[in-house]
Colleague: 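If you scroll down you'll find the structure; I have some questions about it.
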Number of protein chains: 2
Amino acid sequence: MAVHAQAKGVKATAGKPRLEDVARMANVSPATVSRVLNHPDIVRQELRDKVSKAIVALSYTPDNAARALMSRRSRTMGVVVPTLGTSIFAEGIEALQSRLSELEYTLLIAVCQYDAERELQEVRTLTERGVDGIVLVGGSHLHETYELIRRMQVPFLTTYVSESLNAVPAIGIDNASATYDMTRYLLQLGHRDFGVIANTQSSSDRTRARLIGIKRALEEEGLVLEDTRVVNCTHSVEQGRRGVKELVTANPSITSVICTTDTLAVGALAGARALGLRVPQDLTITGFDDIELAAQLEPSLTTIGTPAREIGRLAADCLANAIAGIPIPISTALPYQLIIRGSTAKPRRKPLRPPPR
Amino acid sequence: MAVHAQAKGVKATAGKPRLEDVARMANVSPATVSRVLNHPDIVRQELRDKVSKAIVALSYTPDNAARALMSRRSRTMGVVVPTLGTSIFAEGIEALQSRLSELEYTLLIAVCQYDAERELQEVRTLTERGVDGIVLVGGSHLHETYELIRRMQVPFLTTYVSESLNAVPAIGIDNASATYDMTRYLLQLGHRDFGVIANTQSSSDRTRARLIGIKRALEEEGLVLEDTRVVNCTHSVEQGRRGVKELVTANPSITSVICTTDTLAVGALAGARALGLRVPQDLTITGFDDIELAAQLEPSLTTIGTPAREIGRLAADCLANAIAGIPIPISTALPYQLIIRGSTAKPRRKPLRPPPR
DNA sequence: CTGAAAGCGCTTACAG
DNA sequence: CTGAAAGCGCTTACAG
């Protein structure tokens, strides 16, 4: 008992100051200190000043755990992204965090490596940590993930796609429309003989939408994209490199290769080079995302620009609004950009020489 | 009063189950449920099973705010990075988060854009959120930042540099030694006439160390790096582009340009191209970091590889260990790699033509 | 090994 | 406008 009391005594002097310490110093009740912190307008000026002084004097900061316990609000949001290695996700997160910081929220981040099970696990952790809102990427998630978040009764939105699924608000771009535009541009250049490299193994909904856009544009011209013209793969530079070889070997008449991401296109560029093909003279190659690298490559990459920062910033605002009772628009379609650079040109006239070596 | 009671009744059925609900269902005291959760070994098997079943039946998850309030542990770590736009930081964060997740910690992330004031502000937020540990990048931080963290009495470490400052444990590489090796390699190729592009405006300690390494190697050969040979700039591709023009214009005899980061080197490569200079035939250019882009450029970039993933993973382990009472080594120097690619060659024989256009 | 009780540091009806 | 009191959902000495 005596020991306990002493321990408490030590704590009071050495430990972090508590609300009570501020109250004592300012000669008011703890309730008043709390009010100064949370609803300053309902406290008389005089007391407000006394309390403020005491807070500064003790350099008091409220304990967030206690605060969260009472208010049922952690002032923390959670996000799960497939990876940070792609600059559009890195940029989006950066903007999300910056904006949240301005709104006085912190950001809990998790990476799932394009693995839906892992995403569920991370979402579970986030909900257990009591986040006030959740941001995911894309529209394909495990059923349990949706359920879990719904049970939490927490604002939730999906990013990088504009199409809402399962009534979850979405902020992003119309992927199908973007690849449709890209394909129309290539058709206008005169291309009729296409190959596609698509990371269908992962992030399935965005890739699927991108494939749909390509096919729609081709069909309008009476062209059909045969299965042999589509390489399905995972998401890596290496897969792009392999993909272009596969396509050109199987279909030497191909003049244009559409990749569903820039990462794949970077690989395709390298693969074309390895085959002795000049881009864009011998082969046109396009990407999607406009990663930082795209403009710096030789040739620079024709691609679709995604407004990643804008997505992140908007996501932050929408979550904060939702908590304040303002509903999140079910679908927010942001403008994308068709960025024409050096990797696209009119189709070559002559057939391809058989690959050297 | 009646209303209040009713509200409570509703809550008990509709809201999240609490520890007490589990206890009631399992016919034990709340204390026992808590023990099953935290110290299962001191609970009799039979009760343990009953409690476990009740937990599953109610799909109970403990409230972290309450838990944190009692245990003084949030099971959350915090990290502040200069940016996520550089792949080495993105990779490091990814590895840090993955490992923390395995250790059942969550990660609060903040970005400071190379701004020390902003870093302090974000650290302040992290400490107020009650993180159990903090990771920063590099060794140059505001005095207040160190003080703040010290007061928090929370494990703290610095990453990407191996040199410990202010007694803060460091995990990273020896930057000076890395650029020393790089410079020696260039000297061995025959270069004697150097220029340097350095982002001295930001992340000062790492850049400073890198400059020191360069100068040490040169001095050993009796060479001096004059001030006109060093372009001081901020961190962007554009600055690298500008830097190389400045250097070559002022000193046409330069044969080799050392950049303190890959981002600058990417700009330098583009700048050289714009000047009509071939790399590496006319000009040798080197970077630092081995960002993803480095291998894909044309020419590919000679650079220093930093073990970012390893740094992140180790940081997670060290923080967790520190909480368990195992002290963090004051300095952990990880191996870097000199990666020789296509942007470096022997110096040209002839003087540079005056820049075309 | 288990339960009753106190308490972590706050917030917010309630009563003045 | 302010204070005394209850309580948020847990954990952990303490006593059995």
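Lettering of chains follows the sequences in order, A, B, ..., and the numbering in each one begins at 1. Only a predicted model underlies this, so the values are computations on that prediction, with no experimental measurement involved.
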Colleague: Once side-chain hydrogen bond (donor to acceptor under 3.5 Å, both in side chains) is applied, do any residues pair with A/T86, and if so which ones, sequence neighbours excluded?
Modeller: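 In terms of side-chain hydrogen bond (donor to acceptor under 3.5 Å, both in side chains), with neighbours along the sequence ignored, A/T86 is linked to no residue.
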Colleague: Expressed as a whole number of Å, how far does the P atom of C/dC10 sit from that of C/dC14?
Modeller: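 So the two P atoms sit 24 Å from each other.
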Colleague: Sequence neighbours left out, what passes side chain to side chain contact (heavy atoms under 4.5 Å, CB included) with B/E46? Give chain and number order.
Modeller: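 With neighbours one apart ignored, the set is B/R44.
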Colleague: For A/E20 and C/dC8, what is the distance between atoms CD and C1' respectively, to the nearest whole Å?
Modeller: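 The answer, rounded to whole Å, is 12 Å.
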Colleague: List in chain and number order the residues that pass salt bridge (charged side-chain N to carboxylate O under 4.0 Å, His left out) with A/E310, two or more places apart in sequence or in another chain; answer none if no residue qualifies.
Modeller: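 Counting only residues at least two positions away or on another chain, A/E310 forms a salt bridge (charged side-chain N to carboxylate O under 4.0 Å, His left out) with A/R313.
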Colleague: Heavy atom of residues 51-58 of chain A under 4.0 Å from DNA chain D: which residues?
Modeller: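 Listed by number, there are none.
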Colleague: Counting side-chain heavy atoms from C-beta on, which of D/dT11, C/dC10, C/dT2 comes nearest to B/V43?
Modeller: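 Shortest atom-to-atom distance from the side chain points to C/dT2.
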Colleague: Could you tell me which residues satisfy salt bridge (charged side-chain N to carboxylate O under 4.0 Å, His left out) with A/E94, sequence neighbours excluded, listed by chain and number?
Modeller: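 With sequence neighbours excluded, A/E94 shows a salt bridge (charged side-chain N to carboxylate O under 4.0 Å, His left out) to A/R309, given in chain and number order.
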Colleague: If the C1' atom of C/dG16 is compared with that of C/dT12, how far apart are they to the nearest Å?
Modeller: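 16 Å, rounded to whole Å.
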Colleague: Among residues at least two apart in sequence or on other chains, which ones pass salt bridge (charged side-chain N to carboxylate O under 4.0 Å, His left out) with A/R129?
Modeller: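 None.
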Colleague: Please give the distance between the P atoms of D/dT11 and D/dA15 as a whole number of Å.
Modeller: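 Between the two P atoms, the distance is 22 Å.
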Colleague: Whole angstroms only, please: what is the CZ-P distance between B/R75 and D/dT11?
Modeller: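 One finds 12 Å between P of D/dT11 and CZ of B/R75, rounded.
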Colleague: Go through the structure and list residues passing side chain to side chain contact (heavy atoms under 4.5 Å, CB included) with A/H39, not counting sequence neighbours.
Modeller: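 Listed in chain order: A/D41, A/I42.
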Colleague: Which residues satisfy the side chain to side chain contact (heavy atoms under 4.5 Å, CB included) test with A/S34, sequence neighbours excluded?
Modeller: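 Residues passing side chain to side chain contact (heavy atoms under 4.5 Å, CB included) with A/S34: A/L19, A/N38.
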Colleague: Give the residues of residues 27-39 of chain A touching DNA chain C, defined as any heavy atom closer than 4.0 Å, sorted by residue number.
Modeller: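 Those residues whose heavy atoms fall under 4.0 Å from DNA chain C, taken from residues 27-39 of chain A in numerical order, are A/A31, A/S34, A/R35, A/N38, A/H39.
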Colleague: Distance only, no hydrogens: is a donor on one side chain within 3.5 Å (strictly under) of an acceptor on the other, for B/S331 and B/S162?
Modeller: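 No, no side-chain donor-acceptor pair sits under 3.5 Å.
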Colleague: Of the options C/dC10, C/dT2, D/dC10, whose atoms approach the side-chain atoms of A/D63 most closely?
Modeller: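 Nucleotide nearest to A/D63's side chain: C/dC10.
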Colleague: Suppose we screen for salt bridge (charged side-chain N to carboxylate O under 4.0 Å, His left out). Which residues come up paired with B/D63, at least two apart in sequence or across chains?
Modeller: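 Salt bridge (charged side-chain N to carboxylate O under 4.0 Å, His left out) list for B/D63, sorted by chain: A/R72.
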Colleague: Starting at the 5' end of DNA chain D, what dot-bracket string do you get if Watson-Crick and G-U pairs under 3.5 Å are bracketed, crossing pairs use [ ], other-strand pairs use | and unpaired bases use dots?
Modeller: |||.||||||||.|||
Colleague: For the pair made of CE in B/M70 and C1' in D/dT11, what is the distance, rounded to whole Å?
Modeller: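 Checked: the CE to C1' distance equals 4 Å.
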Colleague: Check the distance between C/dC10's C1' and B/R72's CZ and give it to me in whole angstrom.
Modeller: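 After rounding, the reported distance stands at 11 Å.
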Colleague: What is the distance, to the nearest angstrom, from the CG atom on B/D49 to the P atom on C/dT2?
Modeller: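 To the nearest whole Å, that distance equals 11 Å.
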Colleague: State, without any angle test, whether A/E122 and B/S101 hold a side-chain donor-acceptor pair at a distance under 3.5 Å.
Modeller: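 There is such a pair between these side chains.
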Colleague: From C/dC10, D/dC10, C/dT2, pick the nucleotide closest to the side chain of B/A66?
Modeller: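 Nucleotide nearest to B/A66's side chain: D/dC10.
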Colleague: Can you check whether A/R18 has a side-chain N or O nearer than 4.0 Å to OP1 or OP2 of C/dC10?
Modeller: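 A/R18 to C/dC10 OP1/OP2: no side-chain N or O under 4.0 Å.
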Colleague: Rounded to whole Å, how long is the line connecting atom NZ of B/K16 with atom P of D/dG9?
Modeller: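 For the pair B/K16 NZ and D/dG9 P, the rounded distance is 9 Å.
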Colleague: Just how far, in rounded Å, is P of C/dC1 from NZ of B/K50?
Modeller: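 After rounding, the reported distance stands at 16 Å.
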Colleague: Go through the structure and list residues passing side chain to side chain contact (heavy atoms under 4.5 Å, CB included) with B/E102, not counting sequence neighbours.
Modeller: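 Partners of B/E102 under the side chain to side chain contact (heavy atoms under 4.5 Å, CB included) test: B/R99.
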Colleague: Under 3.5 Å, is there a donor on one side chain and an acceptor on the other for B/R118 and A/S98?
Modeller: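 There is such a pair between these side chains.
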Colleague: Rounding to an integer number of Å, can you tell me how far B/Q45 CD sits from C/dT2 P?
Modeller: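 These atoms are roughly 11 Å apart.
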